[in-house]
Structure formats: C-alpha cells, structure tokens
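Here the structure comes first, spelled out in structure tokens, and everything after it is commentary.
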Number of protein chains: 2
Amino acid sequence: MTELDAIDSALLALLQNDGRRTNRELATLLNIAPSTCLERMRALRRRGLIVGYHAQVDLAAIGRPLQALIAVRVRPPNRAVIDGFRAFVEELPEVLSVFVVSGGDDFLIHVAVKDTDQLQALVLDKLTRRKELADVRTSLVYEHLRKTEIAPL
Amino acid sequence: MTELDAIDSALLALLQNDGRRTNRELATLLNIAPSTCLERMRALRRRGLIVGYHAQVDLAAIGRPLQALIAVRVRPPNRAVIDGFRAFVEELPEVLSVFVVSGGDDFLIHVAVKDTDQLQALVLDKLTRRKELADVRTSLVYEHLRKTEIAPL
DNA sequence: ACTGAAATCTGACTTAC
DNA sequence: GTAAGTCAGATTTCAGT
C-alpha cells in the first residue's frame, strides 16, 4: 500500500459519495486542474484503491423489501465442503452477500426477498436440500445501515 | 413499485456493473437513442430505483485488511436502547455496516480494521464500555462476497 | 508532478415523428 | 415514448514549466 496524500483521500471520499461526479466538478472541489484530477483518479484505479463504480439500487423499490441473515453450519467444515457450499450459495438469486466466517457458524448469508413465503422457500426448499448443511438459523433484518464513505483508519 | 420493462432492467444491470458508463455507451449497448437512454436513466433515479452511485474501495488497499462480524445483544432490547446503541455504533470509524436483527442477537456489526489489536481495542475499549451491552461475540470474516448486480426476483 | 490550451466527444435541449 | 440535430460544456491529450 502506497500512502495517500490529502488530495487522494479527498478524491476517494468524493467518489464514494457520488461516483458519477464529473472530472471537472471534482477538480473544482479539490482546487486542482482537471487534467491533474483525471490523472489522480486513474492512479487510484491503477493502484487498486478503487475497485469499481456501482449504481446502488433500492431493494424495496425493485420488489425485495424483506431482508434476512441466514447463519449456516456445514459438515464437515473442511475446505472442499466450504468452497462447494459457497459456490452454490453465490448463485442463488436471493443472495446479496456471503460472509465466510470463523466461530460458531461457517456462513452468514445476507438475502433480500419479496415476502416471507419466498424466504421460507429459500431456506426449506433450496438450502436444506444440501446434504452438507448441518444447521440453519434465520434472522430477519429490521434495518441495515451501510456506510458510503470508508476511509483509512 | 412501477413495473420495469426490458430496457430498464438492462440499464439497471449495466449501471450496477459500471456506474461510470457514459450515456452514449449505454445507449449503444441497449440499441436505443442516447436521448431515450438519458431519460430512462433519470427516470430510474426519479422513481427511486437507483439511490446513488458510489466508488467501491479495496479495504485491504487502504490498510484495513481484517474484517469481522460482531454479534451484540443489548439489555433491555427496547426501542430507546436499540436506537441509542445503533446511533453509537454508526459513528465508529471501524464500522462498515450495521444490521439490526431479530432472533438471538439484536445487532450484527460488520467492521474492517488494520489488525487484531485494533479489533480487540474496538471490542474491549469501545463496545464493552456501553452499559446497555449484554453480550458480544466476534467472528472473523475469512471471505466476503458481495453481488454487484441485483435484479428483481 | 502539475498546468493550460486545443481537439474531440459527450450530454442537454429542442423539434418532430 | 423515441429519434435527429445543434451547441454549450466536458473529457482527454500533449507540450511546457
């Protein structure tokens, strides 16, 4: 990791808050020339600090207002089983993200569905059909806050 | 929720994969006129389907390679306590996102830190200082996969 | 590494189908 | 709702500091 100067940090913050800001606007806000700003922006991508730019969709607005976290234990919890189950879960359309974790559980699966029927169908028809699955616990997500701006500590 | 036609869906997918695509490029990919594409894009924002555009940063590249999920129970788990604790957690710089959940735990906190010392300091010095905190369990995150493209089910 | 000007391209708007 | 045309403004390159 190469160090971030004040301009890089500010640019990262601006692009995390609005990834479609124009280069000219960014340059004005940072008090640098547009050409300089463009080069900084590209450098952040080249150096791997910025991985990509993504539109954020409203889950409720696309008809998936119900979120849940599903804790899963698999048996035996070796690499082959973990990798196999992860690959399976990754392909499920209900899934938003998958955490492979240490501790009591092996997976934490964040899902968004239309209603409780779809959630039940996911757990009872899709997940429990897997033979390696040893335990499932489903928690409803009442609220999910995600930080948009992430800075070095 | 108003219905999404084929163009809207395709546009959503493209912008989730690369939020900085130009209107012209999007129009070409969708085989529609740029003016039409632009109007569709704005409509998605106006209708609330697209909430924003964000640059995605590499956590390891900014010096935060260690992720954890911290399950927390608070006491008593009423609205005042839940809201107070959530507001507190939200402000911690280590935190990436906060799930308020049903079930055994009240919160699941996703954090990214520099090393295990910072993780220990977060849990032992910051979280456990809160009097409402009844229980904490920390799981290391070995891997976190996040879907970039989310579609209606 | 940053700047500033020049050429090119994009996006916003109007008009018409 | 979609397409074409126009022009202001943005992006990008490059020579210069």
Side-chain angles (χ1 to χ4, degrees), chain A residues 1-64 148-153, chain B residues 1-64 148-153:
Chain A
M1 175 202 178
T2 47
E3 270 310 311
L4 289 178
D5 66 12
I7 294 177
D8 288 328
S9 303
L11 195 48
L12 266 186
L14 288 169
L15 287 171
Q16 283 183 87
N17 283 314
D18 183 357
R20 277 193 81 88
R21 279 206 171 93
T22 64
N23 182 60
R24 193 171 205 273
E25 191 183 350
L26 293 166
T28 305
L29 291 166
L30 298 174
N31 286 309
I32 57 177
S35 47
T36 306
C37 189
L38 186 65
E39 183 44 36
R40 291 290 193 131
M41 215 171 137
R42 285 182 175 161
L44 287 175
R45 246 189 178 290
R46 228 183 301 117
R47 291 200 275 159
L49 290 153
I50 291 179
V51 179
Y53 298 89
H54 309 287
Q56 185 193 347
V57 306
D58 186 317
L59 291 166
I62 60 168
R64 298 172 62 175
T148 53
E149 188 182 325
I150 294 155
L153 290 179
Chain B
M1 174 201 179
T2 45
E3 271 309 311
L4 290 178
D5 66 12
I7 293 177
D8 288 329
S9 303
L11 195 48
L12 266 186
L14 287 170
L15 287 171
Q16 284 183 86
N17 283 314
D18 183 358
R20 276 193 80 87
R21 279 207 171 95
T22 64
N23 181 61
R24 194 165 210 270
E25 190 184 349
L26 294 165
T28 305
L29 290 167
L30 297 174
N31 287 311
I32 58 176
S35 51
T36 307
C37 188
L38 189 64
E39 183 44 37
R40 292 292 192 129
M41 212 170 141
R42 284 182 176 158
L44 288 175
R45 247 190 177 289
R46 229 184 302 118
R47 289 200 277 160
L49 290 152
I50 290 181
V51 178
Y53 297 90
H54 310 286
Q56 185 193 348
V57 305
D58 185 318
L59 292 166
I62 60 168
R64 299 172 63 176
T148 53
E149 189 182 323
I150 294 154
L153 288 180

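Protein chains get the first letters and strands the later ones, always in sequence-line order, with residue 1 at the start of each.
The pair E25(B)-R20(B) fails the salt-bridge criterion, with no side-chain N (NZ, NE, NH1 or NH2) lying under 4.0 Å from an Asp/Glu carboxylate O.
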For nucleotides 2-17 of chain D, 5' to 3', base contacts (B), sugar-phosphate-only contacts (S) and non-contacts (-) with protein non-hydrogen atoms under 4.0 Å give SBB-----SSSB----

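For the pair N17(B) (side chain) and A13(B) (backbone), a donor-acceptor distance under 3.5 Å is present. Looking at R21(A), its side chain does come within 3.5 Å of a backbone N or O of L14(A) through a donor-acceptor pair.
Each of L26(B), N23(B), I32(B) was evaluated against L38(B); a single residue qualifies, N23(B), per the side-chain contact (heavy atoms from CB on, under 4.5 Å) test. Screening V51(A), L44(A), L49(A) for a side-chain contact (heavy atoms from CB on, under 4.5 Å) involving D58(B) leaves a single residue, V51(A).
Bounding nucleotides for the chain A contact on DNA chain C, 5' to 3', at a heavy-atom distance below 4.0 Å, are dC2(C) to dG4(C).
Considering every non-hydrogen atom in both A55(B) and Q16(A), the closest pair reads O-CG, 3.6 Å.
Residues L4(A) and R47(A) form a side-chain contact, since some pair of their non-hydrogen atoms from C-beta on lies under 4.5 Å apart.
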